[in-house]
Structures are given as C-alpha cells and as structure tokens.
Enquirer: 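First the structure, which I've put down as structure tokens, then a few questions once you've had a look.
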Amino acid sequence: MSGTSASAPAGASGGDPAGDLRVTRGVLLPSAELAWRFSRAGGPGGQGVNTTDSAVELRWVPARSRALSAPQRERLLERLGPRLVDGALVVRACEHREQLRNRASARERLAALVAEGLRPPPASRRATAPSRRARARRTDAKTARGRTKALRRRPDDG
C-alpha cells in the first residue's frame with residue numbers, strides 16, 4: 001500500500017521519472033539526453049539516512065540536444081549561459097526523503113528552467129514623453145505643496 005502512495009505524487013507532479021520530459025507543447029526532451037546521478041542527502045533522515053541515495057542531480061546538455069531547433073538552442077544558451085556547468089544544465093533536488101519524489105521535483109525544475117529560457121523576450125518599451133497637461137498638473141501640485149509648507153513657517157517680523 002505504501003508503494004502505490006509513494007509513486008502517485010511523482011506521477012501527478014512530474015510524470016514518469018524515467019520517460020521523456022515535456023517542456024512545452026513543441027519541445028519534448030528525450031530521456032536519453034537526461035543524465036541522472038544519485039547521492040546521499042544531508043540533514044536529518046532517520047534510520048535510512050546513511051544508506052539511501054535520495055538526493056538527485058539531473059543533467060542536460062542543451063548544445064547537443066536534438067529536441068531544439070537552432071534558434072531555440074541559441075536563445076537557450078544565451079539566456080541560461082551563467083547557469084551552465086561545463087555546458088550542462090544541472091538541477092539538484094534533495095528536499096524530499098524519497099528518491100522518486102526528488103526525481104519528479106528535479107524534472108519539474110528542469111522543465112521550468114528550459115521553458116523560461118525558451119520564452120521569447122518581452123516587447124521593447126516605447127519611450128514616451130509626458131503630455132503638456134501632465135507637466136502642468138505636476139507643477140501645480142508642486143506649487144500647492146510649497147504654499148502648504150510656507151503656511152507652516154513662522155511669520156516674518158519685517
């Protein structure tokens with residue numbers, strides 16, 4: 001019974017941990033391009049802390065991926081350049097005590113990073129100048145504020 005409950009969150013949140021990874025509607029990373037590495041997670045873990053490799057590291061090399069077109073690859077390498085380690089995008093997950101949940105979490109994070117990197121840049125802002133009426137409102141407000149402050153001052157004896 002506990003085996004089915006442990007695999008249910010992974011299926012609901014990240015899909016099959018060993019299958020292809022859906023990033024966007026048009027981009028599907030093949031499982032052959034994903035490299036997994038497992039290690040022991042730090043922190044409290046009870047009896048299995050020194051025997052279970054629950055920490056997960058997921059690596060994907062965008063420069064060698066066949067799932068991306070040339071423009072997508074260029075955009076991704078440009079936007080995720082600082083995150084790449086030896087040309088690979090590395091995601092580490094160790095927040096859960098079960099390896100399967102950490103695998104699902106790593107898959108979700110990788111998909112989110114790649115989707116964000118593939119998103120086109122926002123439209124550039126058109127420079128605008130304030131209207132004549134807006135400038136007049138601003139100066140009127142400054143004048144009124146100055147009058148208010150002047151009324152707070154002590155009257156001159158002269």
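Hydrogens, waters and symmetry mates play no part in the numbers below; they use all other heavy atoms, side chains included.
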Enquirer: Kindly say whether Ala104 contributes a backbone atom to a donor-acceptor pair with the side chain of Arg101 at under 3.5 angstrom?
Expert: no
Enquirer: For Gln72, give me all partners under side chain to side chain donor-acceptor pair (under 3.5 Å), at least two apart in sequence or on another chain.
Expert: Ser69
Enquirer: Name every donor-acceptor pair, under 3.5 Å, that has one atom in a side chain of residues 140-149 and the other anywhere in the protein, sequence neighbours excluded.
Expert:
| from | atom 1 | to | atom 2 | distance (Å) |
| --- | --- | --- | --- | --- |
| Thr143 | OG1 | Thr139 | O | 2.8 |
| Thr148 | OG1 | Ala144 | O | 3.0 |

Enquirer: Got a second to check how far Ser39's OG is from Gln99's CD, nearest 0.5 Å?
Expert: 9.5 Å
Enquirer: Same cluster or not: Leu80 versus Val23, using hydrophobic residues (I, L, V, M, F, W, Y) connected whenever any side-chain heavy atoms lie under 4.5 Å apart?
Expert: yes
Enquirer: Please report the interatomic distance CZ(Arg83) to CG(Leu76), rounded to the nearest 0.5 Å.
Expert: 11.5 Å
Enquirer: Excluding sequence neighbours, so at least two apart, what forms side chain to side chain donor-acceptor pair (under 3.5 Å) with Glu33?
Expert: Trp60, Ser65
Enquirer: Using a 4.5 Å cut-off on heavy atoms from C-beta on, say whether the side chain of Asp86 contacts that of Val61.
Expert: no
Enquirer: Please tell me whether Glu95 and Ser105 have a donor and an acceptor in their side chains that are separated by less than 3.5 angstrom.
Expert: yes
Enquirer: Per the salt bridge (Lys or Arg N to Asp or Glu O under 4.0 Å) rule, what does the pair list look like for residues 64-80, sequence neighbours excluded?
Expert: Arg79-Glu116
Enquirer: Would you kindly confirm whether Phe38 and Leu58 end up in one hydrophobic cluster when ILVMFWY residues are joined by side chain heavy atoms under 4.5 Å apart?
Expert: yes
Enquirer: If you define the side chain from C-beta out and look only at heavy atoms, does anything of Leu34 sit under 4.5 Å from Leu110?
Expert: yes
Enquirer: Looking only at non-hydrogen atoms, find the nearest pair between Ala67 and Val27 and report the distance.
Expert: O-CG1, 4.4 Å
Enquirer: For the pair Asn102 (side chain) and His96 (backbone), establish whether a donor and an acceptor sit closer than 3.5 Å, ignoring hydrogens and angles.
Expert: yes
Enquirer: Flag the pair Arg92 / Val56 as yes when at least one side-chain heavy-atom distance between them is below 4.5 Å, and no otherwise.
Expert: no
Enquirer: Does Trp36 belong to the same Ile/Leu/Val/Met/Phe/Trp/Tyr cluster as Val90, with side-chain heavy atoms less than 4.5 Å apart forming each link?
Expert: no
Enquirer: Please collect all salt bridge (Lys or Arg N to Asp or Glu O under 4.0 Å) contacts where either partner lies in residues 121-138, sequence neighbours excluded, each pair once.
Expert: none
Enquirer: Got a sec, which residues hit side chain to side chain contact (heavy atoms under 4.5 Å, CB included) with Ala35, two or more places apart in sequence or on another chain?
Expert: Arg59
Enquirer: List the atom of Leu89, the atom of Pro62, and the distance in Å for their closest heavy-atom pair.
Expert: N-CD, 4.3 Å
